[in-house]
Amino acid sequence: MKKKLDFESMTVNELWLLYEELGRVLSVRLTSEKRGLEKRLAQLQRENKPRAFEAIDTTSVPKERRLYPQVLPKYCNPDKPSETWSGRGKTPRWLAAALKTGHSMDEFAIRDAQAGQGSTTRRRGA
């Protein structure tokens, strides 16, 4: 066994040389350990690679999206009637700007949507 080093009695130059030597030794050992771990990882990946004759996992196949009923617009921009909003999601810019200027949501409501609100039928996905 090597004897214990007395750092207190060493000069700054001796300590610096020891520091550089430790850096070199650590670098070599860490590099060799990293290579060994990378070889082991590659080996494990080869072992876990699915073979052509094995059954295909059905969980990896994406499921079809569920069909949702169409949501009719409830609010309309009077300046541009093509700009509508169903009341879901983020408030559109035109409506947010109008609300800031003192307008109310009722002013932009589409009257036809309110009258026929209860009569909409839901379709089930095929």
Side-chain angles (χ1 to χ4, degrees):
M1 262 197 173
K2 292 186 179 182
K3 62 181 177 178
K4 191 172 182 180
L5 295 174
D6 183 20
F7 298 116
E8 297 297 326
S9 65
M10 295 177 79
T11 65
V12 173
N13 287 338
E14 290 172 335
L15 287 171
W16 185 254
L17 290 173
L18 181 63
Y19 169 78
E20 288 179 341
E21 182 64 27
L22 281 172
R24 282 192 292 272
V25 170
L26 279 172
S27 175
V28 169
R29 287 193 184 176
L30 288 174
T31 304
S32 65
E33 189 171 334
K34 181 180 173 186
R35 277 194 211 118
L37 290 172
E38 287 172 345
K39 285 180 186 177
R40 178 71 179 133
L41 179 63
Q43 179 185 3
L44 289 172
Q45 286 176 342
R46 281 192 303 268
E47 290 174 4
N48 292 333
K49 189 175 183 181
R51 293 170 181 83
F53 59 86
E54 290 180 359
I56 297 174
D57 187 15
T58 57
T59 59
S60 64
V61 178
K63 295 180 182 179
E64 279 191 43
R65 284 186 57 111
R66 185 173 146 195
L67 295 177
Y68 291 97
Q70 182 181 5
V71 180
L72 298 174
K74 296 179 184 174
Y75 304 98
C76 178
N77 184 355
D79 298 331
K80 291 184 181 178
S82 63
E83 293 181 347
T84 58
W85 184 50
S86 66
R88 294 185 179 182
K90 189 174 179 182
T91 309
R93 290 180 183 168
W94 58 266
L95 184 57
L99 292 174
K100 281 185 181 178
T101 60
H103 293 278
S104 70
M105 292 281 283
D106 294 332
E107 295 176 39
F108 301 98
I110 299 174
R111 302 297 171 212
D112 296 338
Q114 290 177 345
Q117 195 171 19
S119 65
T120 58
T121 58
R122 290 189 177 189
R123 293 186 302 161
R124 293 189 181 239

Legend entry - N/O donor-acceptor pair under 3.5 Å between Glu20 side chain and Leu17 backbone: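 Checked: no pair found.
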Inset, instruction - Look at the side chain of Thr31 and the backbone N and O of Ser27, then say whether any donor-acceptor pair between them is shorter than 3.5 Å. - result: yes
Could you report the tightest heavy-atom contact between [X] and [Y], atom names first, then the distance?
X	Y	result
Trp85	Lys90	NE1-O, 3.4 Å
Arg111	Asp106	NH2-O, 3.2 Å
Thr91	Ala96	CG2-N, 4.0 Å
Ser86	Val71	CB-CG1, 3.5 Å

What's the spacing between [X] [atom1] and [Y] [atom2] if we round to 0.5 Å?
X	Y	atom1	atom2	result
Met105	Leu95	CE	CG	5.0 Å
Arg65	Leu67	CZ	CG	9.5 Å
Phe108	Thr84	CZ	OG1	13.5 Å
Leu15	Phe7	CG	CZ	7.5 Å
Gln43	Asn48	CD	CG	10.5 Å

Legend entry - Pair Arg24 + Glu21, salt bridge at N-O below 4.0 Å: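 Yes, charged N to carboxylate O under 4.0 Å.
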Please say yes or no: joined through hydrophobic side-chain contacts below 4.5 Å, possibly via intermediate residues, are [X] and [Y] part of one cluster?
X	Y	value
Leu5	Leu22	yes
Tyr75	Leu99	yes
Trp16	Leu18	no

Inset, instruction - Look at atom CD of Glu33 and say whether more than 12 heavy atoms of other residues, nucleotides or ligands are closer to it than 6.0 Å. - result: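 Not more than 12 within 6.0 Å, no.
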